[in-house]
There are 2 protein chains.
Amino acid sequence: MGSLVFVGLGLGPKGCSVQGVEEMRRAEVRYLEYYTSPHEPEMLTQLRKLGLEMTVVDRGFVEDGSRILSEAAEKKVALAALGDPMIATTHNELRTRAIKLGIETRVIHGATIASAAASASGLHSYRFSRTVTVTRESVNRLSQAYHILHENLLEEAHTLLLLEYDVQSGEGVSPADAMQGLLLAEANFKRGVVGESTFVLVLSRLGRADARLAAGSVSSLAGRTFGEPPHCIVVPGALHFTEKEAVAAIFSLEEASVQGNSGPVLRTAQTLVPRYVAKTKRALEQVQGKLGHEYDGVVENAELYMRDAERFLAEGEDEMAMLSVGYAEGLLDSLSFSGVAKLEW
Amino acid sequence: MGSLVFVGLGLGPKGCSVQGVEEMRRAEVRYLEYYTSPHEPEMLTQLRKLGLEMTVVDRGFVEDGSRILSEAAEKKVALAALGDPMIATTHNELRTRAIKLGIETRVIHGATIASAAASASGLHSYRFSRTVTVTRESVNRLSQAYHILHENLLEEAHTLLLLEYDVQSGEGVSPADAMQGLLLAEANFKRGVVGESTFVLVLSRLGRADARLAAGSVSSLAGRTFGEPPHCIVVPGALHFTEKEAVAAIFSLEEASVQGNSGPVLRTAQTLVPRYVAKTKRALEQVQGKLGHEYDGVVENAELYMRDAERFLAEGEDEMAMLSVGYAEGLLDSLSFSGVAKLEW
């Protein structure tokens, strides 16, 4: 009776768990797949020291999966990958196929970059929100990453940006590329999410002997190189004082230079409502006391709804604030469209 | 010269990495701390098999930290904990203190429940958003958890709820308690976030030999018991078809019974914009072709902005959608206030 066990190798050559090693020892067929990290000969050396000879396979082999599944129907097969083995969608799909074929499957979990990055940074891991993957394809048009970063900063939460590395081509997104991409997105969306002074952490090769950590403003880091991948970037939201202390200690910085990035970030309505309220005020000044009394209702309501918009915004009712200020503007603009008043917005 | 190495033991008795075992072997003093999982004698047995005798300590010992720090000034000290060692704020703070005292520190990462839960569930880990911890204190008033779950479902993202376990008292939050707490929060906030039919996954003792997985509606699971802690619950957002397949295979369910929970959850603007668009349409019908040509501009613009509102909403630009529909309404209402048209909204 065969089986298929997915083994997570954790973060580096010695990252596999005791249970993972035992499972691989019991396996009759052993595959090692690299997919998001560069091939490390050290990995094979370490596994060999543990008595584990591995067959290195590529992503296509796992995606196809037919050989693995036919072997696993009769033999004990182990498929090992860095990190946690089920982080890769491909492995999840292979597991589903195996279960459907009646093959016993097991998963041996491993340390992942997502939890290690939180942990290595000195930040509180429960204060991280949604993780973003920056691919080579998306790096020049980081709209989704930018919007998730914006949401996270509004929640005062930290954001982990994983920078893609492609084993097949040997190419990846460098920390400099990713920071440049975020600045481009800022120039496009202008929500004040990221800028030259944004404080970020760059974590490279976490869990390896040559791991490298750097922290500072985007402008101070964007020109630097950080050696071999894998890399990730952490953008802190608001910082608890113990997080400040920890980051300062771990990255050898003065505490004063460690700063969160949530402070200056505004909700979309916080940017827009004051702008439209100011416009409405200017228009109101142009019509108040200058039109016939048949327009009193229009003018009074425009003022009332403009005030409502400010109140709704203060209460966090962003949608109602936008509706109200739009309504006030519409009331006044109607006078302009029908020739009753000439308004300069 | 001393040092302090924090070793993650991963998810169970055999969860420690090869590197972690090596570090503990080199250590002259070895502490093992339990803080969020019940004490497992099996853990000590397994570590002893690896030649590692451990001194079990409690949280107070680590929080105080004075003995660890004084020993680490001169000897190699290892402090081991389940999961990743830096997930605990206490360990982060101890590390900061050690660095400030000039003591060399290292972190050996371990598999964590946060990444393993994603991985074991068959869901795509990058589609998880903010994690929620349900404490015994908060379980009857889950407002924060409820709001995070709401936000996550709106993003169509999955949510991991970690259920607290307290080693000192031996008490914790059961899956039934947590589900009941969410239903109470729903009764209070009424946002349609969670109900009897919400589809959830309950993952117990992940990474252990006696791990137990269950999935189904809240009503079908809320009355069940799931054995010893630790437990966690996953509330899926929207499901990709490969996720549906995987959950069905892993939890032995019919695919049709596996369902996401984002469908019925709406953004505020998704509720409001269609309502105001419908009102504007009714008002437009009352004036189109019935007023003098001097009002053509007003009527045409009202229609254009109403369409803009629908388009903005579809693009997720909620604020602009509310502004536009408010503006359209204001344009038409101005005619009503100034007596040009009698509108019934």
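- Judged by distance alone, the side chain of A/H109 and the main-chain N or O of B/A111 form no donor-acceptor pair under 3.5 Å.
- Only the side chain of B/E22 comes within contact range of chain A, with heavy atoms under 4.5 Å apart.
- By the 4.5 Å heavy-atom criterion applied to side chains, B/M24 and B/L9 are counted as neighbours.
- For B/N301, the part lying near chain A is the side chain, with the backbone staying farther off; criterion is any non-hydrogen pair under 4.5 Å.
- Chosen from B/L323, B/D333, B/V247, B/I99, the residue pairing most often with chain A at heavy-atom distances under 4.5 Å is B/L323.
- For the pair A/S334 and B/L335, the minimum side-chain heavy-atom distance is below 4.5 Å.
- Here the rule is side-chain contact (heavy atoms from CB on, under 4.5 Å) with B/V325, and of B/L272, B/T280, B/D308, B/L313 only B/T280 fits it.
- Aromatic ring pairs are classed by plane angle as parallel below 30°, tilted from 30° to 60° and perpendicular above 60°; the pair A/H158 and A/F128 is perpendicular.
- Per-residue counts of heavy-atom pairs under 4.5 Å with chain B were compared for A/D318, A/T112, A/T131, A/I250; the largest is that of A/I250.
- Ranked by non-hydrogen atom pairs under 4.5 Å with chain B, the options A/G122, A/G339, A/A114 are led by A/G122.
- For a residue to count as touching a neighbouring chain, one of its non-hydrogen atoms must lie under 4.5 Å from one of that chain's; by this rule A/E93 touches chain B with the side chain only.
- Residue contact with chain B, scored on non-hydrogen atoms closer than 4.5 Å, involves the side chain of A/S125 exclusively.
- Going from atom CG of B/L162 over to atom OG1 of B/T135 covers 11.5 Å, rounded to the nearest 0.5 Å.
- In this structure, A/F189 has its ring center no closer than 6.0 Å to that of A/H150.
- Counting heavy-atom pairs closer than 4.5 Å to chain B, the top-ranked of the candidates A/A116, A/S115, A/A246, A/G12 is A/A116.
- What you find for B/C16 and B/V7 is that their closest heavy atoms are SG-CG1, 3.8 Å.
- For the set B/Q46, B/R127, B/E155, the count of heavy-atom pairs under 4.5 angstrom toward chain A peaks at B/E155.
- Among the candidates B/T242, B/V107, B/V340, the residue making the largest number of heavy-atom pairs closer than 4.5 Å to chain A is B/T242.
- Options A/G8, A/S338, A/P13 differ in how many heavy-atom pairs under 4.5 Å they form with chain B, and the most are formed by A/S338.
- Checking side-chain atoms of A/R106 against main-chain N and O of A/E23 turns up no donor-acceptor pair under 3.5 Å.
- Put simply, the side chain of A/Q270 gets close to the backbone of A/R267: a donor and an acceptor are under 3.5 Å apart.
- Interface residue A/L123: only backbone heavy atoms are found under 4.5 Å from chain B.
- Per-residue heavy-atom pair counts under 4.5 Å with chain B were compared for A/T133, A/V18, A/T105, and the maximum is reached by A/V18.
- Both the backbone and the side chain of B/A269 come within contact range of chain A, with heavy atoms under 4.5 Å apart.
- In this structure, A/R95 and A/M86 have side chains that are in contact, with non-hydrogen atoms separated by less than 4.5 Å.
- Between chain A and the options B/D296, B/N92, B/I148, heavy-atom pairs under 4.5 Å are most frequent for B/N92.
- Of the listed residues (B/H124, B/Q19, B/R130, B/E245), the one with the most heavy-atom contacts under 4.5 Å to chain A is B/R130.
- Options B/A118, B/A321, B/G297 differ in how many heavy-atom pairs under 4.5 Å they form with chain A, and the most are formed by B/G297.
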